[in-house]
Amino acid sequence: MSRDAAAELFQMIDGRREDLIELTRELIHFPTVNPPGDAYQPCAEFIGRRLSSRGFTVEYVHAAGTPGDDERHPRINVVARREGSAKGPCVHFNSHIDVVQTGAGWTLDPFAGAVKDGKVYGRGACDMKGGLAASIIAVEALIDCGLNLPGALEVSGTVDEETGGYGGVHYLAQRGWFAPGRVDHVIIPEPLNVDRVCIGHRGVWWAEIETRGRMAHGSMPFLGDCAVRHMNAVIDRLEQLLYPKLAARRTNMPVVPAGARHSTLNINSIHGGAAEATGYPAPCVPDSCRMVIDRRVLIEENMDGVKAEVRELLEQLAQERAGFAYSIRDIFEVQPTMADRNGPVARSTAAAIRRVIGREPEFICSPGTYDQKHIDRIGKLRDCIAYGPGILDLAHQPDEYVRIDDMVNSAKVMAMAAMSLLLGTA
Ligand SMILES: [Zn+2]
């Protein structure tokens with residue numbers, strides 16, 4: 001091929017800058033706030049209409065019975081697929097359409113999609129409607145560039161990522177939508193900065209520990225047994241024994257920020273004793289204290305070991321501390337995941353970043369999780385990365401924005417990466 005197909009693609013995408021801005025604004029106009037999961041259906045249908053007009057076969061997948069799904073807030077996903085000129089691999093772009101609460105501190109209407117100083121503002125502009133819009137412009141340019149590409153292109157808009165993805169990618173992966181053979185390469189345009197390829201994320205274990213005591217009058221605490229003091233003993237063990245161990249446990253995952261490059265534990269909340277229901281504290285010895293922990297897990301660790309480490313510490317206390325009674329309950333867990341940085345999708349995206357941005361791309365892992373876990377662990381599809389235009393630090397903040405230049409550049413990167421994956425030149 002003597003023509004420079006990539007250069008033609010880039011020119012076409014540059015010519016669609018206004019379209020990209022408009023599309024981002026239109027997506028922001030849907031207040032797809034989760035929870036509760038507002039406006040999923042009209043947003044999914046908007047994406048479906050746009051792609052069906054470009055020759056995609058569009059399917060809406062209602063994740064019936066998943067958390068939060070009801071008549072007012074149906075969990076509607078959209079999956080659009082377009083077959084190429086011949087058999088070949090399928091490149092899939094997956095974006096979540098849900099956004100978090102607007103919260104306080106906005107100086108602009110969060111759903112107006114204001115354009116100012118080369119940026120589009122709004123809830124979800126960065127995380128991740130700007131990325132979704134860029135991926136749509138990328139596939140449209142690929143279709144229009146006249147290359148007659150083999151294989152298939154897919155774009156999905158999925159729900160509930162911000163609450164674990166159960167009605168979204170988790171549901172689709174369980175039903176074979178990400179089965180290898182049906183889909184081969186996945187790019188998730190999450191906001192991880194335009195020159196970085198995110199190959200995975202740490203895992204998570206959330207658990208609730210409860211210590212129990214015995215109620216008594218607050219004036220005679222010696223007649224009861226204080227559950228909060230027992231919990232204090234737990235925290236003391238965490239401080240003395242667990243935190244130093246976790247801090248010393250380093251990972252080879254290239255997690256950003258670097259502070260997250262080891263095992264971490266957050267104490268999310270602690271609840272002990274009776275509530276101040278009438279404005280006065282209850283004069284009682286608390287008989288229960290609950291603490292929720294958030295343990296982030298490295299690819300080098302295994303989940304059973306991570307849990308055993310905490311359980312052993314509690315068991316030890318039960319042996320040594322008079323009256324110590326506890327229980328521990330799993331709330332939520334996600335395995336860590338990391339794709340091969342030399343795999344086709346990471347390699348082709350990195351090559352496209354070099355060409356479009358003119359910089360050596362950075363390979364990173366995310367400290368928190370996103371939908372890659374479901375694609376890897378349930379879908380069994382390993383060749384999956386996150387790459388998108390937003391600035392990571394802006395996600396979930398007031399006056400969230402996405403830079404228009406970054407969206408244009410990321411659309412070029414996604415288009416070029418998909419082209420080389422479809423042509424098998426990656
Ligand atoms: Zn996101």
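By convention here, the first residue in the shown sequence is residue 1. Whatever order the structure lists them in is the order used to number ligands and atoms, beginning at 1.
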Check: N/O/S of E161 less than 2.8 Å from the Zn ion (ligand 1)?
Finding: no
Next item on the list: Write the atom name of the N, O or S atom in D127 that is nearest the Zn ion (ligand 1).
Entry: OD1
Notebook entry, point to check: Is the distance between the Zn ion (ligand 1) and the nearest N/O/S atom of E162 smaller than 2.8 Å?
Noted result: no
Next item on the list: Working to the nearest 0.5 Å, report the span between OG1 of T369 and CZ of R202.
Entry: 10.5 Å
Check: Are the charged groups of D4 and R355 less than 4.0 angstrom apart, N to O?
Finding: yes
Note to self: My understanding is that only residues two or more places apart in sequence, or in another chain, count here; which of them pass side chain to side chain contact (heavy atoms under 4.5 Å, CB included) with Q335?
What the structure shows: M303, E333, R377
Next item on the list: Please note down the angle at the Zn ion (ligand 1) between NE2 of H96 and OE2 of E190, to the nearest 10°.
Entry: 80°
Next item on the list: Keeping to residues at least two apart or across chains, list the salt bridge (charged side-chain N to carboxylate O under 4.0 Å, His left out) pairs with something in residues 186-200.
Entry: D195-R359
